[in-house]
Amino acid sequence: MADISRSSFIPKETPGMVPGRVKRRRTFHVFGFLATSLLVGSIALAGGVYFLKGVSESKLETVKKDLAEQSALFRDEDIAEVREFDRKIRAIELLVGDHMSPLKIFAALERDTKEKVQLVDFEYTYDPGTEAFVNINGGTKTFTTLALQERQFDENAILAGVLFSELGTGDVPSVNDAAEGEEKILNTNDVSFGFKGPIDFGDIRYDGLTPFALPASEFTNETSGDAAADESVTDETSNVTTQ
Amino acid sequence: MFRTITPIISVVIAITVFFSFTKPMFGEVRDIDTEAAQYEKVLDDTKKLNARLSALVAEKRSHPIQTLERIEAFVPSDIDEVSILADLANMASRNSLLFGNVSLAGQEDGVAARSAGETAAISNQDVTYDSLTHTDISFEVIGTYDQVKIFLADIERSLVLMEVTDLKVTATENESPLQQFAFSVRVYALPALGSSDK
């Protein structure tokens, strides 16, 4: 028997034959990855913004509610009460600051009017906050006395700004010379004068003190300061209305 | 081909979602935050205002009632002419003065004539003489010089503020110590805000 060549039961590679197992090459699609990332990111961002919107709206509602509560505490009556009180205090400051004491003028006249000088007319006018004015008419026997009187008034803080004027002599009527029907003027002086001018506010501003002694009072009116006298008035110099 | 189309579609969807949803919503969130910040500022100011108002009210009410009554008497909301004349007559009587020849002159076209615009202008907290109404009361008294001085002192220290605006005296022709004094005093009132129609 001749040897018959047999094929091996184990397959053997034939030259040129394609191998049965193929190694696959891995590839990475960058574009796809980016696109997917972009899509996921976009969706996540949308979700995040939506959530953020909810939080912001909630915060806004809370603030509005708090504001409404605070507004409810706000009472117009309280504002009106405080405002009126403040206005009254300001009004009082204004009026007290401009409150004058004509008594100080009287005290100054009493203190510094010479015994031989007679004051016949007195007028005080005051426009609150604007001007205080005094107008006095009087008479005396001689110009020397008048000059001394002027010097005396010059040394008085209240009367220093007031000027002598309308000086007259000789034809000053006395009671006996008054014609029938004419007003009788009680004036036996030979020299007449006027004494007028503005008074400085600061000199006669009311300070709660009276410039002379007051008798014990049953008054119910308020006394805003010490009523003790700074000076007493003596009859010797009190010539405001005497003959 | 599928691999190419899918990423393109993904990018298109991503861009669409961003511009159609995310970006507008982000703008809304910013607006809401801005509004919330404004409200917070207002809330803060309101809290401070309420605290300040409460403090002022408490301070005002801490004053004794007598003090508040005196303040009200000093500058009332309106002038009670009858009361003031009674007070003057009483003061004159206490000083043994004869009191008479009374005349009153109210302020012309005071608060009642103010227009709403003028009232609004006056309604600020600055108080001037324009804010006040007044009445001038003229009268004469007869008495001695010393009696009148005490009467004048009473007027000056009266709780109801009386400002002497005019005082005249002329020496009499006889030897009597009694003199006639002509007074004019001014009393004030501070009308409450919003009472322009009184």
Side-chain angles (χ1 to χ4, degrees), chain A residues 29 31-32 35-36 38-39 42-43 45-46 49-50 52-53 56-57 59-60 63-64 66-67 70-71 73-74 78-79 81-88 90-92 94-95 99 101-103 106 120-126 128-129 175 184 186 206 210 214 219 221-224 240-241 243, chain B residues 3 6-8 10-11 13-14 17-18 21-22 25-26 28-29 32-33 35-36 39-40 42-43 46-47 50 53 56-57 60 70-71 74-75 94 125 127 129 131-132 145 149-150 152-154 156-159 161 163-173 175 179 186 188 190 192-193:
Chain A
H29 294 272
F31 180 60
T36 306
L38 195 64
L39 179 63
S42 178
I43 293 170
L45 189 63
V49 168
Y50 184 78
L52 193 62
K53 182 181 175 188
S56 296
E57 283 175 344
K59 182 179 166 189
L60 180 62
V63 169
K64 282 184 178 177
D66 289 343
L67 184 59
Q70 284 297 315
S71 297
L73 295 176
F74 200 75
D78 288 346
I79 292 184
E81 181 183 345
V82 168
R83 173 180 270 184
E84 271 313 302
F85 187 68
D86 182 59
R87 287 180 77 237
K88 282 207 187 284
R90 287 170 192 259
I92 289 171
L94 173 69
L95 293 173
H99 187 43
S101 172
L103 272 176
F106 282 127
V120 177
D121 284 313
F122 172 89
E123 183 176 7
Y124 162 81
T125 54
Y126 173 50
V175 173
K184 294 182 181 179
L186 184 66
Y206 181 75
T210 48
L214 290 174
F219 305 148
N221 285 341
E222 296 293 330
T223 306
S224 58
V240 174
T241 59
Q243 300 180 20
Chain B
R3 281 183 184 171
T6 305
I8 291 172
S10 300
V11 168
I13 292 172
V17 165
F18 179 80
F21 182 80
T22 307
M25 186 160 285
F26 192 72
E28 288 175 22
V29 169
I32 292 170
D33 283 343
E35 191 179 349
Y39 270 94
E40 274 179 3
V42 171
L43 176 66
T46 306
K47 282 181 181 172
N50 275 338
L53 185 58
L56 286 173
V57 171
K60 186 240 175 183
R70 286 174 67 169
I71 289 171
F74 195 89
V75 186
R94 277 198 293 265
Q125 289 303 102
V127 174
Y129 281 105
S131 315
L132 301 164
Y145 172 68
K149 280 200 308 185
I150 299 170
L152 185 54
D154 288 344
E156 288 177 4
R157 61 184 183 175
S158 169
L159 178 59
L161 181 77
E163 193 66 55
V164 176
T165 55
D166 206 276
L167 172 55
K168 279 185 205 165
V169 59
T170 300
T172 54
E173 59 198 41
E175 294 187 4
Q179 307 287 335
R186 178 170 290 182
Y188 293 93
L190 180 68
L193 289 175

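In this text the structure is predicted, and so the values were computed from the model without any measurement.
Here the OH atom belonging to Y124(A) is positioned 9.5 Å from the CG atom belonging to D166(B), to the nearest 0.5 angstrom. Taking CZ from F106(A) and CG from L167(B), the interatomic distance works out to 4.5 Å, rounded to the nearest 0.5 Å. One distance of note links OG of S131(B) with CZ of R90(A); it measures 10.5 Å at 0.5 Å rounding. Between T22(B) atom OG1 and L45(A) atom CG the span is 5.0 Å, to the nearest 0.5 Å. The CD1 atom of I71(B) sits 4.0 Å away from atom CZ of F85(A), with the distance rounded to the nearest 0.5 Å.
When the candidates V29(B), T165(B), I32(B) are compared by the number of heavy-atom contacts under 4.5 Å with chain A, T165(B) comes out ahead. In terms of heavy-atom pairs under 4.5 Å with chain A, the best-connected choice from V42(B), T46(B), L190(B) is L190(B). Per-residue counts of heavy-atom pairs under 4.5 Å with chain A were compared for V164(B), V11(B), N50(B), T6(B); the largest is that of N50(B). Interface check for chain B: of the options I79(A), T36(A), I43(A), the most heavy-atom pairs under 4.5 Å are formed by I79(A).
Interface residue F26(B): backbone and side-chain heavy atoms are both found under 4.5 Å from chain A. With a 4.5 Å cut-off on non-hydrogen atoms, F21(B) touches chain A through its side chain but not through its backbone. With a 4.5 angstrom heavy-atom cutoff, L56(B) touches chain A via backbone and side-chain atoms both. For chain A, the nearby parts of E40(B) are the backbone and the side chain; heavy atoms of each come within less than 4.5 Å. The contact between Y39(B) and chain A is made by backbone and side chain atoms together, counting heavy-atom distances below 4.5 Å.
For Y50(A), the OH atom is loosely surrounded, since the number of other residues' heavy atoms within 6.0 Å does not exceed 12. Within a 6.0 Å radius of NZ in K60(B), more than 12 heavy atoms belonging to other residues, nucleotides or ligands are found.
Contact between L103(A) and E156(B) at its shortest, heavy atoms only, is N-OE2, 3.1 Å. Of all heavy-atom pairs between L39(A) and S10(B), the closest is CD1-O, 3.8 Å. Closest heavy-atom contact between V127(B) and R87(A): CG2-O, 3.6 Å.
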